[in-house]
Engineer: 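Take this structure first; my questions come after.
Everything quoted here is computed from the prediction, not taken from an experiment. No hydrogens, no waters, no symmetry mates; every other heavy atom, side chains included, goes into these values. First the proteins, then the strands, lettered A, B, ... as listed; each starts at 1.
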2 protein chains.
Amino acid sequence: MASGPEPTPSRATIVDVATAAGVSRQTVSNAVNHPDRVAPGTLQRVHREIERLGFRPNAAAQQLRRRKTSAYGFELNPSGAGRVGHVLDRFLLELTVAAPAHGCHVVTFAPQPPNPMTGYERILTSGLVDGFILGDTVHGDPRPAWLLQHDVPFVTFGRIWDEPHMGRWVDVDGQAGMRLAVAHLLEQGYTSVAYLGYPAGSALGDDRRAGWLAGLADAGLADSARDAETVEDLTAATTAADRLLEGLGRDGAILCASDLLALGVLRAARNRDLQPGRDLGVVGFDDSDLAEVVQLTSVRQPLQEAAAEAWRIVHAKGTDLSLTALLTPTLAARQSSSRHPQSRGT
Amino acid sequence: MASGPEPTPSRATIVDVATAAGVSRQTVSNAVNHPDRVAPGTLQRVHREIERLGFRPNAAAQQLRRRKTSAYGFELNPSGAGRVGHVLDRFLLELTVAAPAHGCHVVTFAPQPPNPMTGYERILTSGLVDGFILGDTVHGDPRPAWLLQHDVPFVTFGRIWDEPHMGRWVDVDGQAGMRLAVAHLLEQGYTSVAYLGYPAGSALGDDRRAGWLAGLADAGLADSARDAETVEDLTAATTAADRLLEGLGRDGAILCASDLLALGVLRAARNRDLQPGRDLGVVGFDDSDLAEVVQLTSVRQPLQEAAAEAWRIVHAKGTDLSLTALLTPTLAARQSSSRHPQSRGT
């Protein structure tokens with residue numbers, strides 16, 4: 001398309017806007033400079049006329065408007081909806097709660113397969129967002145490089161695993177969480193800690209497994225490491241847990257890479273008439289709603305802190321490692337790993 | 001503040017924008033009229049200069065921009081995060097997935113207590129949204145009246161219970177879902193259907209209870225109605241369920257107002273060595289992740305359809321009852337209400 005001569009319409013004045021919106025000049029001025037003084041319905045009407053007539057308020061007011069409407073895109077992935085725990089739903093909630101303090105808003109959008117960047121391109125094109133908060137990262141994730149290349153601000157929740165020297169991420173230290181869980185189990189009197197995790201190859205799963213091994217090493221128990229692997233599925237996890245239970249000694253515990261896997265352990269234990277807490281310790285990861293419901297001890301990610309760090313980083317420039325935040329999880333201790341004095345064996 | 005004389009800056013031209021952004025006039029023109037032809041990073045730079053310089057493209061382009069950026073606010077309530085099921089998280093996901101087809105986006109925001117309207121006022125004032133999609137409605141909900149009064153477009157997911165003659169809502173027919181569940185249980189060979197629900201007074205709970213009673217009446221079993229009530233808490237639900245199980249005859253079933261209450265029934269049954277499905281039927285409501293995990297039959301809300309109806313209604317004008325959509329739920333049948341031939345008693 002040829003650019004051609006641009007139209008040169010006559011410039012609208014504040015009076016034009018006031019007349020068209022049926023309000024006073026004072027109200028138009030307030031709508032621009034002190035929007036909080038104007039009733040929302042009126043405000044919307046005035047802004048509609050400002051836009052329709054092409055009225056251009058002064059630069060300071062524009063600056064105000066720009067700042068007030070800064071927004072970041074957050075991708076919601078339908079294929080992730082089957083996961084138990086919904087850490088990303090809770091992360092989105094924390095981002096949303098923290099957004100006003102950073103003068104920001106969150107705009108959700110969905111992927112448009114097959115190209116993982118199409119959804120990002122479309123919402124950028126709409127002019128609605130200034131950048132992105134990426135909800136999770138995987139090996140081979142094409143998004144960070146694409147966003148850098150296109151000069152779009154972003155932060156990821158989850159390390160950029162393939163680029164260890166690159167910043168712009170917030171993450172929770174899964175290894176630290178697993179070490180914490182191992183220490184907790186040993187402190188509760190369980191004498192061995194087996195592991196139920198994912199098959200090797202996932203960044204997150206490998207990290208958690210390494211934390212379990214480090215926790216055993218901390219306690220001089222690395223030689224006794226026993227584990228089993230399973231995909232994120234309750235039936236498969238129950239089967240794998242049953243095998244682990246077979247060889248689990250008295251006072252043993254099982255640490256799991258997720259709450260769903262831990263639920264598999266709880267089921268397998270029930271099938272063997274073992275009572276979680278008393279007969280064996282069980283710990284999951286993510287402190288999902290499920291964990292609370294079934295009284296499962298679980299590693300909890302500090303999502304509120306993660307959201308605050310994400311807002312801090314997304315506004316910063318650069319990709320250096322100063323733009324990272326590796327947060328330490330805590331443990332939500334519940335009945336599945338608690339040995340009350342009255343139920344302790346002698 | 002006095003409105004005072006408005007500044008009258010000289011009008012920026014397309015050349016000013018092109019020079020400032022370091023691109024050709026053609027690129028500026030494309031950025032305005034065919035944003036999809038411009039690389040996102042460049043597009044953002046050009047729009048930044050357009051805004052900074054106050055360049056005003058032609059009316060058609062403005063129309064395009066307006067249409068492309070229409071957005072609706074969706075409130076995420078942190079106090080609702082403890083609920084099992086997260087129907088609203090899934091509804092938000094479906095809204096987000098369906099949004100592009102309606103030329104819309106979703107902007108999330110959090111309530112700012114104590115005034116339930118403060119969050120709405122603030123985001124309206126920011127100019128970022130054109131209206132709202134309300135995630136749930138309760139008795140005494142102040143939001144629909146406020147939005148109407150301020151002339152702000154909206155739709156609610158959940159009936160406007162206090163104003164039965166007012167439209168602008170999408171809802172799922174909880175009564176129909178409960179009747180469906182009663183019919184399913186009787187068809188599976190259970191001979192009585194007790195009910196575990198909420199204390200009277202909640203719009204949603206009362207509606208579901210009425211559906212259970214209607215289902216019994218459909219089958220001529222209204223005289224045998226037995227029920228118990230509990231708050232949404234697993235321990236309380238387990239205790240209430242235990243009392244219901246006490247008097248539940250052979251081949252009995254328990255229909256529940258939520259999946260969490262149904263989980264209480266599953267626990268109470270396990271404590272009595274009763275196997276769900278074989279020894280008693282159990283049905284929950286909402287088909288949460290939890291239901292799938294524990295193989296619980298549950299009433300499923302058609303959230304994809306609800307999202308599509310919400311987008312349809314939010315763009316419409318008026319408050320009449322034509323702007324409503326009462327959708328019929330389906331049943332996700334699983335092991336907790338399934339009597340396989342091999343396990344059927346004789």
Side-chain angles (χ1 to χ4, degrees), chain A residues 1 3 6-7 9 11 13-14 25-26 28-30 33-36 39-41 43-44 47 51 54 56 58 62 65-66 68-69 71 76 78 81-82 84 86 89-90 92-93 96-97 99-100 105-110 121-128 150-152 234 260 263 289-290 293, chain B residues 1 3 6-7 11 13-14 25-26 28-30 33-36 39-41 43-44 47 51 54 56 58 62 65-66 68-69 71 76 78 81-82 84 86 89-90 92-93 96-97 99-100 105-110 121-128 150-152 234 260 263 270 289-290 293:
Chain A
M1 172 196 152
S3 62
E6 290 298 308
R11 195 185 305 111
T13 67
I14 191 169
R25 295 199 330 163
Q26 176 67 65
V28 176
S29 173
N30 279 344
N33 297 297
H34 300 280
D36 49 310
L43 187 63
Q44 213 188 14
H47 276 295
E51 195 173 5
R56 188 155 71 82
N58 64 52
Q62 287 198 349
R65 189 172 72 79
R66 251 205 316 278
K68 289 185 85 129
T69 57
L76 292 180
V84 169
H86 289 287
D89 287 336
R90 287 186 293 148
L92 171 60
L93 176 66
T96 300
V97 168
H105 290 94
V106 181
V107 180
T108 60
F109 68 103
E121 283 193 64
R122 292 228 177 139
I123 194 167
L124 264 183
T125 301
S126 79
L128 197 60
H150 290 83
D151 202 18
V152 178
L234 185 61
L260 185 70
L263 192 64
D289 301 333
L290 184 70
V293 162
Chain B
M1 169 195 152
S3 63
E6 290 297 308
R11 195 184 305 111
T13 66
I14 192 170
R25 296 198 331 166
Q26 175 66 66
V28 176
S29 172
N30 279 345
N33 297 297
H34 299 282
D36 50 308
L43 187 64
Q44 214 188 12
H47 275 296
E51 196 172 3
R56 189 155 71 81
N58 64 51
Q62 288 199 347
R65 190 170 71 81
R66 250 203 319 278
K68 289 185 86 129
T69 59
L76 292 180
V84 169
H86 289 285
D89 287 335
R90 286 186 293 146
L92 170 60
L93 176 67
T96 300
V97 168
H105 290 94
V106 181
V107 180
T108 60
F109 67 103
E121 283 193 63
R122 291 228 177 140
I123 194 167
L124 264 182
T125 300
S126 79
L128 198 60
H150 289 82
D151 202 18
V152 178
L234 184 61
L260 185 71
L263 192 62
R270 190 202 314 152
D289 299 334
L290 186 68
V293 162

Engineer: Looking only at heavy atoms, which two atoms of B/Gln44 and A/Asp151 are closest? And how far apart?
Structural biologist: OE1-O, 3.9 Å

Engineer: Counting heavy-atom pairs under 4.5 Å with chain B, which one of A/Leu124, A/Val28, A/Val107 comes out on top?
Structural biologist: A/Val107

Engineer: Are A/Leu43 and B/Thr125 side-chain neighbours, meaning at least one heavy-atom pair lies under 4.5 Å?
Structural biologist: yes

Engineer: Tell me, side chain or backbone of B/Arg270 under 4.5 Å from chain A's heavy atoms, or both, or neither?
Structural biologist: side chain

Engineer: State, yes or no, whether a side-chain contact exists between A/Leu128 and B/Leu128 at a heavy-atom distance under 4.5 Å.
Structural biologist: yes

Engineer: Which one wins on heavy-atom pair count under 4.5 Å against chain B: A/Pro100, A/Gly41, A/Ala99?
Structural biologist: A/Gly41

Engineer: Rounded to the nearest 0.5 Å, what separates atom CG in B/Leu92 from atom CG in A/Leu92?
Structural biologist: 6.5 Å

Engineer: Testing A/Val97, A/Thr108, A/Leu93 for side chain to side chain contact (heavy atoms under 4.5 Å, CB included) with B/Thr108, which one passes?
Structural biologist: A/Thr108

